[in-house]
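Just so it is clear, the model here is predicted, and its values are computed rather than measured.
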Amino acid sequence: MKYKCTRNTNTQVTGAQAIVQGIAKDGGLFVPETLPQYTHKDFAEMQNGTYIDRAVKVLSDFLPEFTKEEITQCVAAAYKQEKFSGGHPAPISVVRSEKVHMNILELWHGPTCAFKDMALQLLPHLLTHSLKITKCDKTAVILVATSGDTGKAALEGFKDVDQTKMLVFYPENGVSLMQKRQMNTQEGNNVSVCAIKGNFDDAQTGVKNLFVNKQVCQMLEDNGMVFSSANSINWGRLLPQIVYYFSAYCDLLKAGTIKTVGDKINVVVPTGNFGNILAAYYAMKMGLPIHRLICASNSNNVLTEFLKTGIYDRNREFYTTISPSMDIVISSNLERLLFDVTEHDTEKVAGWMWQLSQTGRYQVDEKTLEAIQSIFSADYCDDKATEETIAKTYKNTHYLCDTHTAVAVYVYEKYLKETNDNTPTVVVSTASPYKFTDSVLKAVCANYDETADEFTKVQQLSKETETEIPAPISALEEKQVRFQNLCTPDTMLDELLNMLHLK
C-alpha cells in the first residue's frame, strides 16, 4: 500500500515513510491510496478476538511493510493492561447509559487519562520500527502543538524512547490547570515543554511552519536529525484511532446491544482538529456499518458552520472554553476528508488550502458539500449548556462526564430530539472528568469553592460523586515542576534550537 499527498498525488511514500516524515514537504497530509474492505465475516472473527487482536488486523492491512510479528510486538507493548487504569480488561470500555440508545465509549483509561493515549502509546513503537524499515539512522525530532491532551499523551509515550527528541508547545492560558501540571511535571531526558503566548492555532501554525522551513530542515539534516510529528497530521497517530470504532462495534455485538452483524450505529464525537471523527469516517468507508457521524463542537464552532454550509471561515472570535481540547479554529484533518470526498482531486484541495492560508476562508462546491452532508451531522454547545449537561447527566444517570464528553451528549440529545433517529448510538468520551475538575465540580456540587486549590477540588469531586480518582491524577500532586518556559509564535524556533543544543 502506498500513501499519497492530499495536495500532490505525484508524491507517494510507504506507510513507514509517512510515519517517519509526518507531513509532506508541501504541507499536505499523507493518506492511503486505498482502504481495506471488511465484510460481515471479518466482523464475526473480530468479535471473538481481544482488542490487541483487532488492532493487529487493522494495522497489518495498512502497513504491509511491517511483518505480522512487528505489528503484534508494537500493539502488545502499547496496550499492556498495567498501563490502563480502572481494572479494565481492554484499553477501551463501552458503558451503557440509562438514556435510551446511548452507549458511552470511554477512551481515557490510559496513563494520561485522555483518548490520545490510544494512539500515542502505540505511535512511538510504530515510529521506531519505521525508522529501521526505512533505514533512517537519524534522530527523530518530534514537534507537537497541543490544546491540552495530545501534549501530555505524546510526552508520556515518547519519554526516553531511543532516537527521539520531543518538544511540546501549548497555549499559555488555553489548557486546564491539570493538563498544564501534567505537561510541566513530565519526566524523561528527551522531552521539553514550552507555553506559547497565543492560542492553539498559533501553536499549530508555528509547528507547521517549522516543518516546511527548508533552512531549519537542512540544519537538522546537517546534525543527523529529521522532523516528525505526533499530532494527528501524522498518519501513525490517526491509524490507531480507526481500531477502537471497530472494537466498539464488536463489543456491542457481543453484548447484544446490536442484534445482527450489519445493523448500523451512529457515532457522536466531540472534536476540534477533526482527527477522531475522521477515524470513524475511515472505519465507515472500510465497511463498518455507520448511519450518521455527528460532529460536536464547542463555541469555536467552525466545523459546525462548515458541515452545514460548506463555508470554512477561521476569521472569527476565538473562545477560551471549559472544553479546551476543542478550542481550535483550524482543523487540520478536514483536509483529508476533502481529499476523499472529491475522489482525490488534489487541485481542488490544494486550492482550498491556499485560500485558507491567504484569506482564512474557503467554500467548497455543491457536489462536495452534498457528499459530506450525506454522512455528517453537526452542532455545537456553549459553556453554559456544557455545565448544565454535566449536571443533568449526573443527576439522571449517575454518569459523570468531563467537559468534552458533555458537549457530545448535548449535541446528541439535540440531534435525537430534532430527528427522532433511534439508531443505536456510540457517544465518544474523550477524557476523565478529573482532568477538568474545576468545571465538573462547579457543575455538580452545590457548595463549590472557587478559591480551593486543584487537588482539594479533586478530593471533593471524588467524595461528592463517589467516584475513584484516577491514579495518574493522584500522583501529580507530589511531582516536581520541570518546565516553565514561555515563548511567542515568533520565538518558537529559538526554543527548538535551544532544546537541540544547536544555538
From CA spacing to verdict: ring pair (Phe, Tyr, Trp, His ring centres under 6.0 Å), Trp352, Tyr312: CA-CA 9 Å; Trp352 289 327; Tyr312 194 98; over 10 Å; no
With ring pair (Phe, Tyr, Trp, His ring centres under 6.0 Å) as the criterion, how do Phe84 and Tyr51 come out once you've worked through the C-alpha distance, each side chain's angles and the decisive distance to 0.1 Å? CA-CA 13 Å; Phe84 290 83; Tyr51 190 85; 8.6 Å; no
Pair Ile23-Leu29, side-chain contact (heavy atoms from CB on, under 4.5 Å): steps then yes or no: CA-CA 5 Å; Ile23 190 172; Leu29 306 183; 4.1 Å; yes
Run the salt bridge (charged side-chain N to carboxylate O under 4.0 Å, His left out) check on Asp117 and Lys83 step by step: do they pass? CA-CA 10 Å; Asp117 289 325; Lys83 287 187 176 184; over 6 Å; no
Apply salt bridge (charged side-chain N to carboxylate O under 4.0 Å, His left out) to Arg7 and Asp26, showing your working. CA-CA 8 Å; Arg7 303 183 192 181; Asp26 62 2; 5.4 Å; no
side-chain hydrogen bond (donor to acceptor under 3.5 Å, both in side chains) between Tyr415 and Asp421: does it pass, once the steps are laid out? CA-CA 8 Å; Tyr415 169 85; Asp421 177 4; 2.6 Å; yes
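Side chain of Gln204 to backbone of Ile330: a donor-acceptor contact under 3.5 angstrom is found. Formation of a donor-acceptor pair under 3.5 Å by the Lys116 side chain with backbone atoms of Gln121 is not found in this model. A donor-acceptor pair is defined here as one N or O able to donate and one able to accept, closer than 3.5 Å; no such pair exists between the side chain of Thr271 and the backbone of Asn276. Under the 3.5 Å distance criterion, the side-chain polar atoms of Ser247 are left unmatched by any main-chain donor or acceptor of Val243. The main-chain N or O of Ile290 is never found under 3.5 Å from a side-chain atom of Tyr249 such that the two would form a donor-acceptor pair. Between the Asn103 side chain and the Thr425 main chain, a donor and an acceptor come within less than 3.5 Å of each other. Formation of a donor-acceptor pair under 3.5 Å by the Lys180 side chain with backbone atoms of Glu172 is found in this model. Side-chain N or O atoms of Thr146 include one that pairs as donor or acceptor with a backbone N or O of Gly151 at under 3.5 Å. Listed for the Asn301 side chain is no donor-acceptor partner under 3.5 Å among the backbone atoms of Thr304. A donor-acceptor contact shorter than 3.5 Å links the side chain of Ser374 to the backbone of Ala371.
Atom CD of Gln12 sits in a crowded spot, with more than 12 heavy atoms from other residues, nucleotides or ligands closer than 6.0 Å. Environment of CD in Gln37: crowded, with over 12 heavy atoms of neighbouring residues, nucleotides or ligands closer than 6.0 Å. Applying the 6.0 Å contact sphere to CZ of Phe274 captures more than 12 heavy atoms from other residues, nucleotides or ligands. Counting heavy atoms of neighbouring residues, nucleotides and ligands inside a 6.0 Å radius, atom CD of Glu366 does not exceed 12 of them.
Counting only heavy atoms from C-beta outward, the side chains of Leu63 and Ile71 approach each other to under 4.5 Å. With contacts defined as side-chain heavy-atom distances shorter than 4.5 Å, the pair Thr346/Asn8 does not qualify. At a threshold of 4.5 Å between non-hydrogen side-chain atoms, the residues Phe376 and Ile277 count as touching. Within the 4.5 Å cutoff, side-chain heavy atoms of Val341 are placed close to those of Leu337. Here the side chains of Met166 and Met499 are not in contact, with every heavy-atom distance at 4.5 Å or above. Proximity of His129 to Gln73: side-chain heavy atoms (C-beta onward) are separated by under 4.5 Å at one or more points. At least one side-chain heavy atom of Pro32 sits less than 4.5 Å from a side-chain heavy atom of Trp235. At least one side-chain heavy atom of Arg316 sits under 4.5 Å from a side-chain heavy atom of Val302.
A side chain to side chain contact (heavy atoms under 4.5 Å, CB included) with Asp327 is found for exactly one of Asn199, Thr321, Asp201, namely Thr321. In summary, of the residues considered (Tyr281, Phe43, Tyr38, Tyr282), a side chain to side chain contact (heavy atoms under 4.5 Å, CB included) with Leu288 occurs for Phe43 alone.
Taking both residues in full, the closest heavy atoms of Gln373 and Thr309 are given as NE2-N, 4.3 Å, listed atom of the first, atom of the second, then distance. Between Val427 and Ala408, the closest heavy-atom pair is CG1-CB, 3.7 Å. Residues Ala154 and Ala230 come closest through the heavy atom pair CB-CB, 4.0 Å. Minimum heavy-atom separation, Glu317 to Tyr319: OE1-OH, 3.4 Å. When all heavy atoms are compared, the tightest approach of Val191 to Gln186 is CG2-CG, 4.0 Å. Ala406 approaches Cys401 most closely through the heavy-atom pair N-CB, 4.1 Å.
Under the 4.0 Å criterion applied to side-chain N and carboxylate O atoms, Asp251 and Arg54 are assigned as salt-bridge partners. Using a cut-off of 4.0 Å between Lys/Arg side-chain N and Asp/Glu carboxylate O, Asp202 and Lys197 are scored as not salt-bridged. Between Lys308 and Glu305, no side-chain nitrogen of the basic residue sits less than 4.0 Å from a carboxylate oxygen of the acidic one, so the salt-bridge criterion is not met. Look at Arg336 and Asp340 and you find no salt bridge, because none of the NZ, NE, NH1 or NH2 atoms lies under 4.0 Å from a carboxylate O.
Expressed to the nearest 0.5 Å, how far CG of Leu338 lies from NE2 of His344 amounts to 12.0 Å. The OG1 atom of Thr150 sits 8.0 Å away from the CG atom of Asn273 when rounded to the nearest 0.5 Å. Summarising the geometry, atom NE2 belonging to His125 is positioned 9.5 Å from atom OH belonging to Tyr79; distances are rounded to the nearest 0.5 Å. To the nearest 0.5 angstrom, Leu143 atom CG is 6.0 Å from Leu167 atom CG. One distance of note links CG of Leu155 with OG1 of Thr112; it measures 9.5 Å at 0.5 Å rounding. Taking CE of Met118 as the start and OG1 of Thr430 as the end, the distance is 13.0 Å to the nearest 0.5 Å.
Side chains of Asp490 and Thr488: no donor on one and acceptor on the other come within 3.5 Å. Between Tyr170 and Asn184, the side chains place a donor N or O and an acceptor N or O closer than 3.5 Å (distance only, hydrogens not considered). Donor-acceptor pairing under 3.5 Å is lacking for the side chains of Asn298 and Tyr380. Side-chain contact annotation: Thr6 with Glu335, donor-acceptor N/O pair under 3.5 Å present. For Ser429 and Trp108, the side-chain atoms include at least one donor-acceptor pair closer than 3.5 Å. Using a 3.5 Å distance cut-off with no hydrogens or angles, the side chains of Ser232 and Asn333 do pair a donor with an acceptor. A donor-acceptor contact closer than 3.5 angstrom links the side chains of Thr39 and Asp42. Side chain to side chain, Gln179 and Ser325 meet the donor-acceptor criterion of an N or O pair below 3.5 Å.
Residues Phe200 and Phe169 place their aromatic rings such that the two centres sit no closer than 6.0 Å. Taking the six-membered ring wherever Trp is involved, the centroid distance between the rings of Tyr362 and Trp354 does not fall below 6.0 Å.
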